Amino acid sequence: MVRYGALKGLYDLEKTIGCGGFAKVKLATHIATGEKVAVKIMEKTALGEDLPRVKLEVEALKTLSHQHICRLYEVIETETHYFMVIEYCSGGELFDHIVEKNRLSETESRKFFRQIVSAVAYLHDLGYAHRDLKPENVLLDKEQNLKLIDFGLCAKPKGGMQSHLFTSCGSPTYAAPELILGNKYLGSEVDIWSMGVLLYALLCGFLPFDDNSIENLYKKILSGKYDEPSWLSSSSRRLIRSMLQTDPNKRITIEELCNHPWITAGFLNPVTFVKKINFERDTEVLNTMSAICGEHTDDIWERLAKSDRTDYRTATYLLLLDRKIRGLPFKITSAARPRF
Ligand SMILES: CN(C)C[C@H]1CC[C@H](N2C(=O)NCc3cnc4ccc(-c5cc(Cl)c(O)c(Cl)c5)cc4c32)CC1
């Protein structure tokens, strides 16, 4: 087991839970609270031209605070590595959940899809586009809630969501026609297309466009033609058709999606998102931290508010807050005298 000095006394690294391109993700324990976290480890030399993606993802995740977007707790940089400490999702990938059930019922698909729509609507409202939405990047936490991950490709165009992007990125299977054609495109519109592919995968258990040869795959995507299995309700067929429109101008918008009849069926309200303030002061959590580190709650809050919110103090605060929100008792393991 490689020892990383930078994590000593702060996190106990455990098994590797996944690898993504230029990163390795390990399960770890945040020593001060005993909470499980995921640590995304990136070696700087191996990053090469991917280095800007890391900074992009960190900046995006620092801003994002949504119940269906994986939370960034801490960033540790050494001369050789970046460590991103992220919310752990013990339920694994949504993809595996679909495969094991063959396909999901309309009710279960709607429950999950509303969570994805809420996260993406929040992202777009803040001027971000994910650009790599696919089942592998949608995880489940222990309460079977969805968590969006991997913002290494997300974009926040300078001119806002109406300004066009050019970089071709993401996986072809979920990529919108305008993206694979290399046309200029709007991040929000390619995310809608990818969500259409996701919804199709939830309801059908297989992909709308799939082919071993990349060339045939492109042809299928550009044709916009896909099978509509007999079990699909007419409402879900209409919704999928409105998302998998090859012409981005004809594609449903995120606002229309939040209010679509298929989305609201059985629910009292359209999909909404809470642009909650990223950092609200919680006295109970501050008192717990103060009890252990001996600092006064005002001083702890002062330092938290002034910090760049990616240090151990922030991770401790957010992990305790998460436990409180989940209604779990929260304490700091008195064994560890955290260095926050
Ligand atoms: C590009 N993909 C394929 C890479 C894999 C890497 C391992 C992942 N993973 C598991 O395999 N099993 C369990 C598991 C549990 N909790 C996780 C929490 C966060 C992340 C995470 C978050 C962000 Cl923001 C991010 O950028 C990245 Cl790369 C990962 C991954 C977790 C995870 C799934 C995606």
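In listed order, ligands and their atoms are each counted from 1. Please read these numbers as outputs of a predicted model, since none were measured by experiment.
To the nearest 0.5 Å, atoms CD1 (Ile17) and OH (Tyr88) are separated by 5.5 Å. Taking NE2 of His260 as the start and CD of Glu255 as the end, the distance is 14.5 Å to the nearest 0.5 Å.
Residue contacts with ligand 1 leave out Met84, since none of its heavy atoms falls under 4.0 Å from the ligand. Under a 4.0 Å heavy-atom criterion, Leu61 is in contact with ligand 1.
Here Lys324 pairs with Asp282 in a salt bridge; the nearest charged N to carboxylate O distance falls below 4.0 Å.
Remark: ligand 1 and Glu57 share an N or O pair separated by less than 3.5 Å (distance only, no angle test). Close N/O approach between Tyr88 and ligand 1 is not found [any backbone or side-chain N/O within under 3.5 Å].
In this structure, the protein non-hydrogen atom closest to atom 30 (C) of ligand 1 is Leu139 CD1, 3.6 Å. With hydrogens left out, the protein atom closest to atom 23 (C) of ligand 1 is Asp150 N, 3.5 Å, a heavy atom. Of all protein heavy atoms, the one lying nearest to atom 4 (C) of ligand 1 is Gly20 CA, 3.7 Å. Atom 7 (C) of ligand 1 has its closest protein heavy atom at Gly18 CA, 3.6 Å. Atom 15 (C) of ligand 1 has its closest protein heavy atom at Cys89 O, 3.1 Å. Protein heavy atom in closest approach to atom 3 (C) of ligand 1: Cys19 O, 4.3 Å. Closest protein heavy atom to atom 10 (C) of ligand 1: Ile17 O, 3.3 Å. For atom 34 (C) of ligand 1, the nearest protein heavy atom (residue, atom name, distance) is Ile149 CD1, 3.5 Å.
In this structure, His30 and Tyr312 have parallel ring planes: the angle between them is below the 30° cut-off, well short of the 60° mark. The aromatic rings of His66 and His68 sit tilted relative to each other, their planes meeting at an angle between 30° and 60°. The aromatic rings of Phe206 and Tyr200 sit perpendicular, their planes meeting at an angle over 60°, well past the 30° parallel limit.
Taking the side chain as every heavy atom from C-beta outward, His81 and Tyr4 approach each other to under 4.5 Å.
Near Ala38, with a cut-off below 4.0 Å to any heavy atom, the atoms of ligand 1 are 17 (C), 18 (C), 19 (C). Of all the atoms in ligand 1, the ones that sit under 4.0 Å from a non-hydrogen atom of Glu87 are 18 (C), 19 (C).
Using a 4.0 Å cut-off between heavy atoms, Lys147 makes no contact with ligand 1 at all.
The residue among Arg71, Lys40, Met42, Arg53 with a heavy atom at the shortest distance from atom 28 (Cl) of ligand 1 is Lys40.
At least one donor-acceptor pair closer than 3.5 Å links the side chain of Arg114 to the backbone N or O of Ile263. The main-chain N or O of Ile98 is never found under 3.5 Å from a side-chain atom of Arg103 such that the two would form a donor-acceptor pair.
Ring to ring, Tyr174 and Trp193 are not that close: their centroids are 6.0 angstrom or more apart.
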